[in-house]
Amino acid sequence: RRAARKAIAMLKAPPPQSCDTFVVVGKTSTVFGKNSDRPNTEVHEVLRFAGADHNEGAMLRCQYIEIPQARHTHAVVLSRPAWLWGAEMGANECGLCAGNEAVFSRDASACDDGRKRLLGMDIVRLVLERAAT
């Protein structure tokens with residue numbers, strides 16, 4: 001009963017308000033870890049996207065806007081909310097890892113003029129698909 005009450009209390013707890021990321025670089029390996037401040041009821045996917053070559057002038061649809069597509073994209077493994085184009089974190093075939101961190105402002109309204117832009121999680125995916133180091 002005590003464990004059940006604790007589990008129910010955890011479900012009613014307010015959502016986390018921060019992300020934490022760490023990297024440990026060793027002599028023969030590297031460990032990358034990240035937690036997420038996403039709601040605990042939100043479905044997350046772990047997906048692999050193959051590297052690809054793209055036509056010159058091709059456009060890429062991100063979450064809210066289109067941008068020019070790179071001529072080549074690296075294979076990636078991404079963790080992301082199911083509804084999102086970008087990624088919370090991931091790694092690419094070159095061994096590059098990246099993760100999204102929340103940044104809070106004292107005046108959130110100063111950051112939102114209503115224009116659609118790339119999300120931080122779009123940038124994580126773009127970095128992993130396009131960068132080798």
Side-chain angles (χ1 to χ4, degrees):
R1 285 186 167 184
R2 186 172 169 189
R5 281 194 298 264
K6 185 175 180 180
I8 291 169
M10 288 176 63
L11 290 174
K12 293 180 180 180
Q17 296 295 314
S18 67
C19 297
D20 294 301
T21 302
F22 72 90
V23 176
V24 178
V25 179
K27 291 181 181 180
T28 60
S29 62
T30 300
V31 175
F32 172 84
K34 181 183 181 319
N35 76 331
S36 174
D37 63 354
R38 306 298 306 170
N40 61 0
T41 58
E42 182 176 65
V43 175
H44 268 244
E45 304 172 322
V46 177
L47 301 170
R48 182 185 186 279
F49 295 93
D53 293 318
H54 305 280
N55 294 327
E56 187 171 341
M59 296 299 287
L60 174 66
R61 178 72 187 173
C62 299
Q63 186 66 32
Y64 296 119
I65 66 170
E66 282 190 354
I67 64 171
Q69 176 61 283
R71 289 300 305 269
H72 176 76
T73 52
H74 298 294
V76 296
V77 175
L78 306 174
S79 172
R80 69 180 193 182
W83 60 269
L84 188 73
W85 179 84
E88 183 74 38
M89 65 177 166
N92 71 16
E93 64 185 296
C94 304
L96 179 66
C97 296
N100 183 60
E101 293 290 335
V103 177
F104 298 97
S105 168
R106 289 184 187 190
D107 187 7
S109 63
C111 301
D112 186 7
D113 61 7
R115 291 183 54 209
K116 293 185 186 285
R117 295 181 171 88
L118 289 172
L119 298 176
M121 288 193 256
D122 290 340
I123 294 169
V124 169
R125 181 171 177 173
L126 290 168
V127 163
L128 292 170
E129 288 183 339
R130 296 171 180 217
T133 60

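Here the structure is a predicted model, which means the values were calculated and not measured.
Looking at every heavy atom in both residues, A98 comes nearest to V124 through O-CG1, 3.9 Å. Closest approach of D20 and E101 over heavy atoms only: C-OE2, 3.8 Å. Taking every heavy atom of both residues into account, R125 and A87 meet most closely at CB-N, 4.2 Å. Taking all atoms of both residues into account, the shortest heavy-atom contact from D122 to G86 is OD1-N, 3.8 Å. When all heavy atoms are compared, the tightest approach of A131 to H74 is O-CD2, 3.4 Å. Pairing each heavy atom of C97 with each of A91, the nearest pair is SG-CB, 3.9 Å.
Note on W83: it clusters hydrophobically with I123, by side-chain heavy-atom contacts below 4.5 Å among ILVMFWY residues. There is no path of hydrophobic side-chain contacts, each under 4.5 Å, that joins L78 to V23. The hydrophobic cluster containing V77 does not contain L84, counting ILVMFWY residues as joined when their side-chain heavy atoms lie under 4.5 angstrom apart, directly or transitively. The same ILVMFWY cluster, assembled from side-chain heavy atoms under 4.5 Å apart, contains both L118 and L60. In the hydrophobic clustering of this structure, L47 groups with L126; members are Ile, Leu, Val, Met, Phe, Trp, Tyr whose side-chain heavy atoms approach within less than 4.5 Å, directly or through other members.
Residues meeting the salt bridge (charged side-chain N to carboxylate O under 4.0 Å, His left out) test with R130, sequence neighbours left out: none.
Between L96 and V127 the shortest side-chain heavy-atom distance falls below 4.5 Å.
For the atom pair CZ (R80) and CE (M121), the distance works out to 11.0 Å, reported to the nearest 0.5 Å. Annotation: the span from M89 atom CE to S79 atom OG amounts to 4.5 Å, rounded to 0.5 Å. How far CG of N40 is from CZ of R38: 12.0 Å, rounded to the nearest 0.5 Å. E88 CD to N35 CG: the interatomic distance, rounded to the nearest 0.5 Å, is 8.5 Å.
A donor-acceptor distance shorter than 3.5 angstrom exists from the side chain of N92 to the backbone of L128, with no hydrogens or angles considered. Under a 3.5 Å cut-off, the side chain of R71 and the backbone N or O of H54 do form a donor-acceptor pair. A donor-acceptor contact shorter than 3.5 Å is absent between the side chain of E129 and the backbone of T73. No donor-acceptor pair closer than 3.5 Å links the side chain of H44 to the backbone N or O of A82.
Residue-environment remark: CD (E56) stays at or below the threshold of 12 foreign heavy atoms within 6.0 Å. Atom CG of D53 sits in a crowded spot, with more than 12 heavy atoms from other residues, nucleotides or ligands closer than 6.0 Å.
Remark: R61 is not positioned above the aromatic ring of W85, lacking an NZ or CZ atom under 6.0 angstrom from the ring centre and at most 45 degrees off the axis.
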